[in-house]
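The next block holds one structure in the form of structure tokens; read it before the comments.
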Amino acid sequence: MIQSDLDLFGSQPQRLASHTVLLPGFVLSEVEAVLDALRPVLRASPFRHMQTPGGLRMAVALSNCGALGWVSDEKGYRYDPIDPMTGKPWPGLPPVLFGIAGRAAAAAGFERFEPDACLINHYLPGNRLSLHQDRDEHDFSQPIVSISLGLPALFLFGGSSRGERTQRIPLSHGDVLVWGGEDRLRFHGVLPVKPGVHPRLGERRINLTLRKAG
Ligand code: SIN
Ligand code: FE2
């Protein structure tokens, strides 16, 4: 009885827009495998603060894995096969992430998603990500699969223009959010992460976005 009551708050997929699905706790049973896979990636290509085209330093630190990595510098935003910090290709996309991304996309109605890029964002308490569209990828028919780990955050999910009203979606450790189709170019961002200590990841939030970039 108690168990079924708890299920009400648990892991049912939630459709938040026509082509946007929240999968609460989708990676909870695989968190350790994900962290094991991230460790060598981050040793080879550590988190760093990139410059925006406007010359500002991004508050959120980032790295990438996969054939392509998202980079920002004074010339603009783009995907690049080479990590500018190491001069080497980005670490390969770990099979566990490729697998989760495909299963999450399918659970949200997007079959045969084969990501070639994973942006790894690192938030400290207070860090935010301003409203933006993900539009550096070639094929907007492919969805974005976002995995959240560590401290919770409020994800802002807007419309196709910057001024449209935004909904606030709480994202917790282990949640996966998938958006694609007619929602693919919606503006989105993250409100400042509240101070806290996550039992597994400490004072940080890590978000992985898997994309088909090339
Ligand atoms: C992003 O838009 O690239 C990241 C979103 C998030 O951190 O939840
Ligand atoms: Fe984004």
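Order of listing sets the numbers, starting from 1, for every ligand and every atom in it. Predicted, not measured: the structure shown is a model, and the values here were computed from it.
The backbone N or O of Ala213 lies less than 3.5 Å from a partner atom in the side chain of Asp116, making a donor-acceptor pair.
Classified by interplanar angle (parallel below 30°, tilted 30° to 60°, perpendicular above 60°), the ring pair His173/His198 is tilted.
If you take CG on Leu177 and OG1 on Thr209, they are separated by 11.0 Å, rounding to the nearest 0.5 Å. Phe187 contributes atom CZ, which lies 7.0 Å from atom OG of Ser161 (distance to the nearest 0.5 angstrom). Taking CZ of Phe140 as the start and CD of Glu182 as the end, the distance is 15.5 Å to the nearest 0.5 Å.
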For each nitrogen or oxygen atom of ligand 1, which protein N/O atoms lie closer than 3.5 Å, and how far apart are they, rounded to 0.1 Å?
unit_1   : atom_1 : unit_2 : atom_2 : d
ligand 1 : 2 (O)  : His132 : NE2    : 3.1
ligand 1 : 2 (O)  : His188 : NE2    : 3.1
ligand 1 : 3 (O)  : Arg211 : NH2    : 3.4
ligand 1 : 7 (O)  : Tyr123 : OH     : 2.5
ligand 1 : 7 (O)  : Arg205 : NH1    : 2.9
ligand 1 : 7 (O)  : Asn207 : OD1    : 3.4
ligand 1 : 8 (O)  : Arg205 : NH1    : 3.4
ligand 1 : 8 (O)  : Arg205 : NH2    : 2.9
ligand 1 : 8 (O)  : Asn207 : ND2    : 3.3

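Only protein N, O or S atoms were considered, and those under 2.8 Å from the Fe ion (ligand 2) are His132 NE2, Asp134 OD1, His188 NE2.
Contact of the Leu191 side chain with the Leu156 side chain is registered, since non-hydrogen atoms from C-beta on lie closer than 4.5 Å. Using a 4.5 Å cut-off on side-chain heavy atoms (C-beta onward), Ile100 and Val34 make contact. A 4.5 Å side-chain heavy-atom check between Ile120 and Phe47 finds at least one atom pair inside the cut-off.
Across all non-hydrogen atoms, the minimal contact from Gly158 to Thr166 is CA-CG2, 3.7 Å.
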